[in-house]
Amino acid sequence: MPIQTLHQPTPLFYAHALSRRLQKNIYFKMDCHQPSGSFKIRGVGKRCQEAAAEGYRHFVIASGGNAGLAVAYAGWKMKIKTTVVVPRSTALFMQQKIKDLEAQVVVHGSIWNESNDYAQQLTKAADCIYIPPFDHPTIWEGHATVIDECAQEIAAPDALIVAVGGGGYFCGVAQGIERNKWSKTSIITAETHGTASMHKAIKAQKLISLDKIDSIATSLAAKKVAAKALDYALKHQVSSYTVSDRQSLMACRSFLDDTGILVEPACGAALASVYNNMEILNAHQTILVMVCGGSSLSIEAFNQYMRQE
Ligand SMILES: *Cc1c(COP(=O)(O)O)cnc(C)c1O
């Protein structure tokens with residue numbers, strides 16, 4: 001029997017209203033439609049399958065976000081025990097989504113680093129494995145399938161927009177671009193001002209560790225990107241931009257109005273480029289936006305953020 005993937009092929013939409021308004025061709029790759037709510041299941045799911053094949057019978061991850069959800073989904077699908085360690089700041093509705101996938105939620109630590117230290121301790125048992133959220137070659141290989149799917153439907157676009165946290169999705173996209181020979185496609189990375197670890201690394205041409213993270217785009221909150229992500233960024237002459245939290249939120253709202261789908265601010269950072277017709281797009285006619293998705297924004301949380309403005 002062929003090995004099935006845990007992710008599913010997602011649709012590629014032509015964004016009619018937006019394309020007309022910008023006088024460009026804008027495409028949305030709808031990875032928000034993955035069963036775990038974000039692209040994460042592509043690569044993280046592949047790593048979980050690999051670990052299961054290696055004989056591991058218990059997955060552990062530290063994440064109150066989409067990586068936690070993806071591992072929980074993988075565990076549920078493969079009937080493998082899963083523990084998701086989350087910091088106290090994790091919204092109850094996110095904890096519930098993880099529990100609904102029959103994973104055990106352990107609340108530990110006030111910030112992610114503390115949850116992560118605890119998760120590492122849990123993996124001392126021989127059949128237990130720690131699943132990293134972004135920094136692993138198998139994860140990049142899995143994420144690269146997103147470009148294989150796009151390449152079946154459209155020719156290489158002029159530009160591709162991808163949100164960057166630790167750079168796992170970005171590494172996958174870069175790999176996918178290489179293996180599908182999309183050599184004319186410029187990659188543009190998106191972050192919020194408060195999570196600009198990739199933007200700063202590209203400017204400095206070396207890895208930069210942020211002193212602090214300050215943004216509602218929690219899925220982009222990696223203080224430092226993976227070393228491989230910087231390698232790819234320099235090799236592909238990647239350009240980068242950052243937007244405010246408010247711009248991300250407003251892009252989420254416009255996207256909701258256009259498609260009926262609510263994505264989180266991390267994804268809004270990528271969408272903000274097209275919804276604001278940002279200058280960085282000027283030289284490009286056909287643009288593919290990776291709609292990475294994400295489950296961390298509820299309508300209630302959205303309204304709350306708007307009131308805080
Ligand atoms: C994880 C995530 C990101 C960032 O991905 P990295 O692989 O860490 O760069 C962006 N958007 C969403 C919705 C995510 O879940």
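Just follow the structure's listing: the first ligand is 1, and inside any ligand the first atom is 1. These numbers come from a predicted model, not from an experiment. Residue indices begin at 1 and follow the sequence shown.
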Between the protein and ligand 1, which nitrogen or oxygen pairs come in under 3.5 Å, and how far apart is each?
residue, atom, partner, partner atom, Å
ligand 1, 7 (O), Gly168, N, 2.9
ligand 1, 7 (O), Tyr169, N, 2.9
ligand 1, 8 (O), Gly166, N, 2.9
ligand 1, 9 (O), Gly165, N, 2.7
ligand 1, 9 (O), Gly166, N, 3.3
ligand 1, 9 (O), Gly167, N, 2.7
ligand 1, 9 (O), Gly168, N, 3.4
ligand 1, 15 (O), Lys40, NZ, 2.6
ligand 1, 15 (O), Asn66, ND2, 2.7

### Query
Can you tell me if Ser215 and His193 form a side-chain donor-acceptor pair at under 3.5 Å?
no
### Task
Taking all non-hydrogen atoms of both residues into account, name the closest pair between Ser197 and Lys223 and its distance.
CB-O, 3.5 Å
#### Entry: Gln237 side-chain N/O to Leu234 backbone N/O, donor-acceptor pair under 3.5 Å
no
### Query
So which heavy atom on Leu101 is nearest to which on Tyr73, and how close?
CD1-N, 3.8 Å
### Query
Cluster partners of Leu92, using ILVMFWY side-chain heavy atoms under 4.5 angstrom, listed by chain and number?
none
### Task
Taking the six-membered ring of Tyr232 (Phe, Tyr or Trp), confirm whether the NZ or CZ of Lys228 is under 6.0 Å from its centre and within 45° of its axis.
yes
